[in-house]
Engineer: 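Here's a structure for you.
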Amino acid sequence: LSGRGAEALGLVGVVPAEAELEGATKVPGHGVTALAMELDRDALDDPNELGRCVRAHSDLLLTAVERWPVVPVRFGTLFPGPAEIRRWLDRNQEALLGELERLRDAAEWTLTIRESDTRGAGVAPERSSGAETYLERLWAEGEAEARRRQVLAERAEEWHERLSAVAEDAVRVPASADSALLDGAYLVRSSQRPSFDAAAAEIQAELPDLGLESRLIGPWPAFSFVGDSLR
Amino acid sequence: MSSLEQRTPATIHPSNASLGDILERVLDKGVVIVGDIAVQLLDVELLTLKLRLLIASADTAQAMGIDWWKSDPALSSRARELEAENRELRERLERIESILGELSSNGNGGELPEGSVADIVRSRR
């Protein structure tokens with residue numbers, strides 16, 4: 001692994017042993033199979049190659065999650081070769097089998113809600129009516145915008161709670177001044193999809209009138225719900 | 001709009017998501033493996049930051065003459081080679097300066113003995 005030009009196996013994820021997947025280096029363990037890709041660390045100096053590898057990592061996981069539970073592994077986790085991956089599988093067999101069972105028939109959906117690009121920036125108050133009135137108007141508009149932001153923040157929390165109620169698990173990236181109004185991830189089982197879809201559709205229908213837009217992306221592997229590290 | 005349409009949200013499949021969306025997941029999230037000398041985790045925070053910058057602004061930045069990543073040893077193998085070459089040259093220069101200092105302090109009037117400086121340096125390695 002050390003030195004330049006080091007070819008290594010990048011671990012992508014773990015699926016049940018019965019999973020059949022084309023186009024991946026597979027390392028069988030007891031009851032589980034590791035999916036891996038050959039990676040040349042030097043090649044990652046090239047941003048285009050790095051982007052291609054990141055996409056290949058993601059695509060392999062997306063293919064897997066269509067049919068099988070999958071434990072996704074962070075990009076850039078390198079092993080010298082299949083023997084080391086096999087030893088790692090053996091050492092974590094119980095934990096991996098437990099995770100695969102927990103994630104069976106479930107996938108992650110992400111929802112981001114932010115200000116629409118088409119929302120007007122507001123009209124500046126006219127200056128013709130005297131300095132005092134102008135400042136008063138500026139102050140009033142600032143207060144109105146602050147109130148609007150507060151109302152939207154409360155709505156975002158309400159939307160997150162509505163979606164969390166129809167999901168197995170949920171996490172939300174805390175909002176900041178320059179972040180999306182809502183940045184949430186939801187672990188949804190197949191049986192929950194009708195309720196989740198209905199809730200998401202209702203929320204999306206409320207957004208245009210508020211000057212907001214959304215991006216609902218899925219199904220992802222459960223990236224946000226396998227936070228514990230494995231040894 | 002029918003009730004069926006009302007219950008179907010607008011969705012994007014991850015295969016059509018932007019590289020930025022994908023980075024959010026595969027570089028920032030997923031299982032992290034620790035505590036095994038056979039495992040090495042690339043510096044994903046650095047990868048994330050630099051890839052984001054490059055994706056967002058590579059074309060614009062290069063048009064403006066900004067190309068810091070080409071000389072960043074963390075990103076460029078050519079830059080790493082230059083860094084090693086630079087280190088080697090500095091070491092050779094230090095050896096030459098040391099030898100010249102010795103000759104001067106030996107009282108030979110700063111005159112070099114026979115042979116090139118390179119021969120002297122090689123003989124004193």
Side-chain angles (χ1 to χ4, degrees), chain A residues 1-2 4-5 8 10-11 13-14 41-42 44-45 47 50-51 54-55 57-59 61-62 71-80 84 87-88 91-92 99 108-110 185 194 196-205 214-221 223-224 226-231, chain B residues 1 3-48 50-59 69-70 72-81 84:
Chain A
L1 282 175
S2 61
R4 279 192 236 137
L11 184 60
V14 178
R41 228 172 10 177
D42 269 1
L44 302 183
D45 287 343
L50 176 57
V54 165
R55 271 208 180 271
H57 182 104
S58 173
D59 286 347
L61 289 172
L62 292 176
V71 176
V73 174
R74 189 175 296 216
F75 178 84
T77 306
L78 304 183
F79 284 78
E84 287 79 7
R87 276 201 291 276
W88 177 79
R91 200 163 53 247
N92 292 280
E99 284 291 85
E108 177 173 327
W109 289 79
T110 56
F196 182 84
D197 283 358
E202 285 173 11
I203 291 167
Q204 285 181 332
S214 69
R215 284 165 59 83
L216 178 62
I217 308 178
W220 295 101
F223 284 108
S224 302
V226 290
D228 294 336
S229 59
L230 295 173
R231 299 186 72 84
Chain B
M1 188 182 287
S3 60
L4 183 63
E5 285 171 327
Q6 286 172 351
R7 298 174 72 84
T8 305
T11 61
I12 299 170
H13 191 272
S15 59
N16 297 322
S18 69
L19 189 54
D21 288 323
I22 292 170
L23 287 179
E24 291 280 346
R25 314 238 84 71
V26 305
L27 287 179
D28 292 347
K29 298 179 175 69
V31 162
V32 178
I33 299 167
V34 295
D36 190 332
I37 57 169
V39 184
Q40 190 174 71
L41 191 65
L42 289 173
D43 192 342
V44 290
E45 287 183 10
L46 187 68
L47 286 181
T48 305
K50 292 187 172 176
L51 189 53
R52 274 189 200 293
L53 289 172
L54 288 166
I55 291 167
S57 60
D59 292 342
W69 61 89
K70 289 183 179 175
D72 186 330
L75 276 177
S76 162
S77 55
R78 176 62 185 145
R80 281 199 295 267
E81 287 167 15

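Letters A, B, ... mirror the listed sequences (proteins, then strands); counts begin at 1.
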Engineer: Closest heavy-atom contact between A:R55 and B:A17?
Structural biologist: NH2-O, 3.1 Å

Engineer: Is chain B contacted by the side chain of A:S214, its backbone, both, or neither, given a heavy-atom distance below 4.5 Å?
Structural biologist: neither

Engineer: Please find the pair of heavy atoms, one from B:P14 and one from A:P219, that lie closest to each other, and give the distance.
Structural biologist: CG-O, 3.4 Å

Engineer: Could you state the interatomic distance from CG (A:L62) to CZ (B:R25), rounded to the nearest 0.5 Å?
Structural biologist: 11.0 Å

Engineer: Pick one of side chain, backbone, both or neither for A:V73, based on which atoms fall under 4.5 Å of a heavy atom in chain B.
Structural biologist: both

Engineer: Is A:I203 in contact with chain B via its backbone, its side chain, both, or neither, using a 4.5 Å heavy-atom distance?
Structural biologist: neither

Engineer: Side chain, backbone, both or neither: which part of A:A199 has an atom under 4.5 Å from a heavy atom of chain B?
Structural biologist: neither

Engineer: To check you understand the geometry: which heavy-atom pair defines the closest contact between A:W220 and A:T110, and what is its length?
Structural biologist: NE1-OG1, 3.2 Å

Engineer: For A:A200, is it the side chain, the backbone, both or neither that has a heavy atom under 4.5 Å from a heavy atom of chain B?
Structural biologist: both

Engineer: Can you tell which part of A:P221 gets under 4.5 Å to a heavy atom of chain B, answering side chain, backbone, both or neither?
Structural biologist: neither

Engineer: Parallel, tilted or perpendicular: which fits the ring planes of A:H57 and A:F75, with parallel below 30° and perpendicular above 60°?
Structural biologist: perpendicular

